[in-house]
Amino acid sequence: MPKAKGKSRRHKYSYNLNRKRLYRSARRRAAPRIACSHIRHAWDPHKSVAQNLAEMGLAEDPNKAVPIPKKLLGMEVESDGQQPGKKIVRKPYVVNEMELEASLPEKKSNTLSRDLIDYVRYMIQNHGENYKEMARDEKNYYQDTPKQIKRKINVYKNFYPEEYKSFIASLKPEKMEVQ
């Protein structure tokens with residue numbers, strides 16, 4: 001097979017290009033990536049990271065913010081009763097907003113796809129608790145084994161217990177009418 005056209009050609013190294021300067025300028029331009037929106041809005045790009053965090057009442061280094069007491073390390077320390085100088089917090093609203101956001105209850109994100117719910121309901125409706133029969137059903141497109149089907153039904157039971165109970169209750173009168 002022939003080689004690709006551009007591969008055999010030797011690439012020339014450009015000696016006139018200052019790669020160090022290019023790398024440094026790219027690093028200098030990159031601002032810190034901030035995930036929290038409260039911090040992002042209060043951030044001052046003209047100040048250092050330590051200054052910004054100190055103004056917001058946040059710690060840059062957690063080891064310095066909450067040091068390990070020397071009593072725990074086995075040494076006893078004589079204290080003069082003087083505390084180190086406290087820093088002035090100019091943007092306390094950032095910490096307050098973060099605490100408020102953290103205290104909100106977490107949303108339950110347990111959901112199943114509509115297809116899986118329909119599949120499980122179809123199997124229970126037609127086969128009841130017979131998992132081997134479910135595995136042989138023509139609607140078992142993914143060729144699930146009886147154990148896999150049982151697991152899917154248990155997941156449905158755990159995610160939607162009320163809906164499952166009402167579904168089972170609605171199936172019982174149908175079975176009575178048939179007999």
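The structure presented is a predicted model; accordingly, all values stated were derived computationally and were not measured.
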Shortest non-hydrogen contact between Leu112 and Tyr160, atoms and distance = N-OH, 3.2 Å
If you draw a 6.0 Å radius around NZ in Lys165, do more than 12 non-hydrogen atoms from other residues or ligands fall strictly inside?
-> no
Partners of Asn158 by side chain to side chain contact (heavy atoms under 4.5 Å, CB included), sequence neighbours excluded?
-> none
Residue list, salt bridge (charged side-chain N to carboxylate O under 4.0 Å, His left out) with Arg40, at least two apart or on another chain = none
When clusters are formed by joining ILVMFWY residues with side-chain heavy atoms under 4.5 Å apart, either directly or through shared neighbours, do Leu58 and Val49 land in the same one?
-> yes
Rounded to the nearest 0.5 angstrom, the CD1-CD distance for Ile149 and Gln143 is 11.0 Å
What are the two closest non-hydrogen atoms of Ser37 and His41, and how far apart are they?
-> O-CD2, 2.8 Å
Judged by modelled atom types alone, do Tyr119 and Asp144 share a side-chain donor-acceptor pair under 3.5 Å?
-> yes
Those residues at least two apart in sequence (or on a different chain) that pass salt bridge (charged side-chain N to carboxylate O under 4.0 Å, His left out) with Arg151 are none
For Trp43, does its backbone N or O pair with a side-chain atom of Asn52 as donor and acceptor, under 3.5 Å?
-> no
At what distance, to the nearest 0.5 angstrom, does NZ of Lys147 lie from NZ of Lys150?
-> 8.5 Å
Just say parallel, tilted or perpendicular for the rings of Tyr15 and Tyr13, cut-offs at 30° and 60°.
-> perpendicular
Do you see a donor-acceptor pair shorter than 3.5 Å between the side chains of Glu129 and Tyr131?
-> yes
What distance separates His127 NE2 from Gln125 CD, expressed to the nearest 0.5 Å?
-> 10.5 Å
Arg114: what forms a side chain to side chain contact (heavy atoms under 4.5 Å, CB included) with it, not counting sequence neighbours?
-> Ile117, Asp118
How close do Glu163 and Ser166 get, heavy atom to heavy atom, and via which atoms?
-> O-OG, 2.8 Å
Could you tell me which residues satisfy side chain to side chain contact (heavy atoms under 4.5 Å, CB included) with Ala42, sequence neighbours excluded, listed by chain and number?
-> Met56, Lys91, Tyr93, Val94
Minimum heavy-atom distance between Ala135 and Asn140, given as atom pair plus value = O-ND2, 3.0 Å
Nearest non-hydrogen partners of Met134 and Gly128, listed with the distance = CE-O, 3.1 Å
Take Ile39 and Met98 through the test side chain to side chain contact (heavy atoms under 4.5 Å, CB included) and record every step on the way to the result.
-> CA-CA 9 Å; Ile39 295 173; Met98 288 173 68; 4.0 Å; yes
Output for pair (Lys157 NZ, Ile124 CD1), nearest 0.5 Å, gives 7.0 Å
Closest non-hydrogen atom pair between Tyr156 and Arg121, with its separation = OH-NE, 3.2 Å
Calculate, to the nearest 0.5 Å, the distance between atoms CE and NZ belonging to Met123 and Lys139 respectively.
-> 9.0 Å
Sequence neighbours left out, what passes salt bridge (charged side-chain N to carboxylate O under 4.0 Å, His left out) with Lys47? Give chain and number order.
-> Glu55
